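Please read the structure below before turning to the comments.
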Amino acid sequence: MSGDVLERLGFAERHLSAAARAVFDELSHTLARDVVPLLADAWDAATMPPEVIDALAPLRLMDPPGVEPGEADSSLFSGFRCFTLARADVSVATIYTAQAGLFRTTIRHGGSPEQVEEWDPLVRSFEKRGVFCLTEPDHGSDIAGGLATRARREGDTWVIDGEKRWIGGADAADVLAVFARDEADGQVKAFLVDRHAPGVELRIITGKVSLRPVQNAHITLRGVRVAEERRLGGVNSWRDVAALLRRMRSDVAWIATGLQAGALDAAIRYTTARQQFGRPLGGFQLVQEKLARMLGNTTSSLALVTALSANQDAGTWSDENSALAKMVTAERARETAALAREVLGGNGLLLEHDAARFFADAEAVYSYEGTHEINALIVGRSLTGASAFA
């Protein structure tokens, strides 16, 4: 991170140890050397090369050597990890965070102590890959009250029926963390379902124009049987699910911030190299104004997510803070990515110059893990004391 234009205000230096900063320097080098050269073809082909996880897993970014366990487990550390990954590519950040954020958080904060002890080492090592299965074909923003997937208990076994949609990375997963409504008490429960269990059918969603290398799936569950020991003991109501989402939303805000940093990097590379009218594009006033606006968006977003994670590490977890961060950073990401594409002109539409990926992926980040409108209503409720949810 040394010499980084975004580190003029010293975010990483103030909040991370030297050992942690070294981890992210190594991650940046690995991404530049082993991952970024694969991205244009991966995006064009709508596939995630296995070499991506092969390059990242050995870095042990969930329990990095030399970093104190408390720091490695902090929101700030996971935030800078999301930021660094997304700065290279949002699809890469999404796939890695599906494991390190969504699935691991579900295990660690939704499982019993025994389940955490059994599963967390497998998740950290990527020996077991998993995904978070909440969204459904007919229920996204209204999933709290509309969750339609059902589970019924038969002795020491649960039987699950329903559908899940937009589940990123499910094709490469060993385990699906499936949320379903218990028919007996109407409460939401969570289950670790084997990806290849009888009754599990997975269909890849095609035709996407955003996060193309991420294989999002439509999953159908018909009479899928799951042992009681695979039910996560800490998820017994929607309140428990909401607590998981609160933790995960901060990661998405960091990804939205990293997206802006990557778009800014692409814009600076291009405008300082591209010659027009006898001089670099970066020497024109209107281009510099756009670059300055991009830096302002990115820097303010980085300040916001850093403050959010610092508060969370101090024990302050609130829906409104997480929602505000996701809402603001995703909105700024849209503008920053559009400005990057704009200063590249027609070349901004070509994958070879990187800005096109960030431009398209900003739309996915704007919508997933809580839309702008839903997050705004969470913030508005905290400001007025009145819920405007329908």
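It should be emphasised that the depicted structure is a prediction, and the values quoted were computed from it without experimental measurement. Both backbone and side-chain heavy atoms feed into the values below; hydrogens, waters and symmetry mates do not.
- By the neighbour-count criterion of 12 heavy atoms within 6.0 Å, atom CD of Glu229 is sparsely surrounded, having that number or fewer from other residues, nucleotides or ligands.
- Using a distance-only test at 3.5 Å, with no hydrogens or angles considered, no donor-acceptor pair links the side chain of Arg181 to the main chain of Val188.
- Taking 4.5 Å as the limit, every side-chain heavy atom of Trp254 sits out of range of all side-chain heavy atoms of Thr97.
- In this structure, Glu117 places its CD atom where only 12 or fewer heavy-atom neighbours from other residues, nucleotides or ligands lie under 6.0 Å away.
- Pairing each heavy atom of Asp34 with each of Ala55, the nearest pair is CB-CB, 4.1 Å.
- Looking at every heavy atom in both residues, Ala355 comes nearest to Ala266 through N-CB, 4.0 Å.
- A side-chain N or O of Glu228 and one of Trp158 form a donor-acceptor pair less than 3.5 Å apart.
- Side-chain atoms of Met62 and Tyr96, non-hydrogen and from C-beta on, do get closer than 4.5 Å to each other.
- The two residues Gln312 and Ser250 make their nearest non-hydrogen contact at OE1-OG, 3.4 Å.
- Looking at Ser112 and Gln115, their side chains do bring a donor and an acceptor atom within 3.5 Å of each other.
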| said: If you apply the rule side-chain contact (heavy atoms from CB on, under 4.5 Å), what do you find for Glu201 with Arg222, and how did you get there? | reply: CA-CA 8 Å; Glu201 178 186 333; Arg222 296 189 180 94; 3.0 Å; yes
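- In this structure, CG on Asp142 lies 11.5 Å from CZ on Phe389, to the nearest 0.5 angstrom.
- At most 12 non-hydrogen atoms from other residues, nucleotides or ligands lie less than 6.0 angstrom from CZ of Arg239.
- Heavy atoms only, all atoms of each residue included: Ala86 and Ile255 are closest at CB-O, 3.5 Å.
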Output a table of donor-acceptor pairs, distance under 3.5 Å, between side-chain atoms of residues 282-290 and any protein atom two or more places apart or on a different chain; print 'none' if there are none.
unit_1 : atom_1 : unit_2 : atom_2 : d
Gln288 : NE2    : Gly282 : O      : 2.9
Glu289 : OE1    : Arg293 : NH2    : 3.2
Glu289 : OE2    : Arg293 : NE     : 3.2

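- Between Asp89 and Val36 the shortest side-chain heavy-atom distance does not fall below 4.5 Å.
- Looking at Arg225 and Asp194, no side-chain N of the basic residue comes within less than 4.0 Å of a carboxylate O on the acidic one, giving no salt bridge.
- At a threshold of 4.5 Å between side-chain heavy atoms, the hydrophobic network of Ile, Leu, Val, Met, Phe, Trp and Tyr places Leu39 and Val365 in one connected group.
- Ionic pairing of Asp182 and Arg153 is not present here: no N-O contact between side-chain nitrogen and carboxylate oxygen is shorter than 4.0 angstrom.
- Each of Tyr366 and Leu245 belongs to its own hydrophobic cluster when Ile, Leu, Val, Met, Phe, Trp and Tyr are linked at side-chain heavy-atom distances under 4.5 angstrom.
- Note: the hydrophobic cluster containing Leu259 does not contain Leu349 (ILVMFWY, side chain heavy atoms under 4.5 Å, direct or indirect links).
- Residues Trp238 and Ile143 have side chains in contact (heavy-atom distance under 4.5 Å, counting atoms from C-beta outward).
- In the model, Asn297 has a side-chain atom that pairs as donor or acceptor with a side-chain atom of Thr336 under 3.5 Å.
- For Asp354 and Arg269, the salt-bridge test passes: some basic side-chain N is under 4.0 Å from an acidic carboxylate O.
- The shortest non-hydrogen separation linking Gly110 to Leu232 is O-CB, 3.3 Å.
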N/O donor-acceptor pairs under 3.5 Å from side chains in residues 46-54, not counting sequence neighbours:
none

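- Panel note: side chain Lys326, backbone Gly370; a donor-acceptor pair is recorded below 3.5 Å.
- Contact check for Asp251 versus Ser78: side-chain heavy atoms found under the 4.5 Å cut-off.
- Ring centers of Phe24 and Phe77: under 6.0 Å apart, within the cut-off.
- No donor-acceptor distance shorter than 3.5 angstrom exists from the side chain of Asp120 to the backbone of Val116, with no hydrogens or angles considered.
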| Run the salt bridge (charged side-chain N to carboxylate O under 4.0 Å, His left out) check on Arg152 and Glu154 step by step: do they pass? | CA-CA 7 Å; Arg152 67 179 186 277; Glu154 297 180 354; 3.2 Å; yes
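- Using a 4.5 Å cut-off on side-chain heavy atoms (C-beta onward), Leu31 and Leu56 make contact.
- Electrostatic pairing of Lys189 and Asp185 counts as a salt bridge here, judged by a charged N lying under 4.0 Å from a carboxylate O.
- Crowding of Glu68 atom CD: a count of heavy atoms from other residues, nucleotides or ligands under 6.0 Å not exceeding 12.
- Between the CZ atom in Arg357 and the CZ atom in Arg341 there is a gap of 15.5 Å [rounded to 0.5 Å].
- If you take OG1 on Thr306 and CG on Asn311, they are separated by 11.0 Å, rounding to the nearest 0.5 Å.
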| task | Any chance you could lay out the salt bridge (charged side-chain N to carboxylate O under 4.0 Å, His left out) test for Asp138 and Arg165, step after step, and finish with the verdict? | result | CA-CA 9 Å; Asp138 297 320; Arg165 188 165 175 84; over 6 Å; no
| Between Thr149 and Glu163, does a side-chain hydrogen bond (donor to acceptor under 3.5 Å, both in side chains) hold up when you go through it step by step? | CA-CA 6 Å; Thr149 301; Glu163 295 178 273; over 6 Å; no
| request: Start with the C-alpha gap between Thr94 and Leu211, add the side-chain angles, then the distance that decides, and say whether side-chain contact (heavy atoms from CB on, under 4.5 Å) holds. | output: CA-CA 9 Å; Thr94 299; Leu211 295 180; 4.1 Å; yes
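- Summarising the geometry, atom CD belonging to Gln260 is positioned 13.0 Å from atom CZ belonging to Arg334; distances are rounded to the nearest 0.5 Å.
- A distance of 10.5 Å separates OG1 in Thr220 from CG in Asp161, rounded to the nearest 0.5 Å.
- Looking at Arg212, its side chain does come within 3.5 Å of a backbone N or O of Asp44 through a donor-acceptor pair.
- For the residue pair Thr135/Tyr368, the side-chain donor-acceptor check at 3.5 Å is not satisfied.
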Ignoring hydrogens and angles, write down the donor-acceptor pairs under 3.5 Å from the side chains of residues 377-385, residues two or more places apart or on other chains.
unit_1 : atom_1 : unit_2 : atom_2 : d
Ser382 : OG     : Val379 : O      : 2.6
Thr384 : OG1    : Gly380 : O      : 3.0
Thr384 : OG1    : Ala386 : N      : 3.1
Thr384 : OG1    : Ala386 : O      : 3.3

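- Using a cut-off of 4.0 Å between Lys/Arg side-chain N and Asp/Glu carboxylate O, Arg129 and Asp174 are scored as not salt-bridged.
- For the pair Cys82 and Ala93, the tightest heavy-atom approach, listed with the atom from each and the gap, is O-CB, 4.2 Å.
- The cluster map of Ile, Leu, Val, Met, Phe, Trp and Tyr, joined by side-chain heavy atoms under 4.5 Å apart, puts Val241 and Val193 in different clusters.
- A single hydrophobic cluster is not seen to contain both Leu351 and Val35; linkage of ILVMFWY side chains at heavy-atom distances under 4.5 Å, directly or through other members, places them apart.
- When each of Phe103, Trp166, Phe179 is tested with Phe132 by the rule ring-ring contact (aromatic ring centres under 6.0 Å, His included), just one qualifies, namely Phe179.
- Using modelled atom types, one finds no donor on one side chain facing an acceptor on the other under 3.5 Å when comparing Ser301 with Thr257.
- Side-chain atoms of Asn236 and Gln187, non-hydrogen and from C-beta on, never get closer than 4.5 Å to each other.
- Separating the CZ atom in Arg21 from the CD atom in Glu13 is a distance of 5.5 Å, to the nearest 0.5 Å.
- In this structure, Val23 and Leu61 have side chains that are in contact, with non-hydrogen atoms separated by less than 4.5 Å.
- Looking at His218, His139, Glu136 one by one, the single match for side chain to side chain donor-acceptor pair (under 3.5 Å) with Lys164 turns out to be Glu136.
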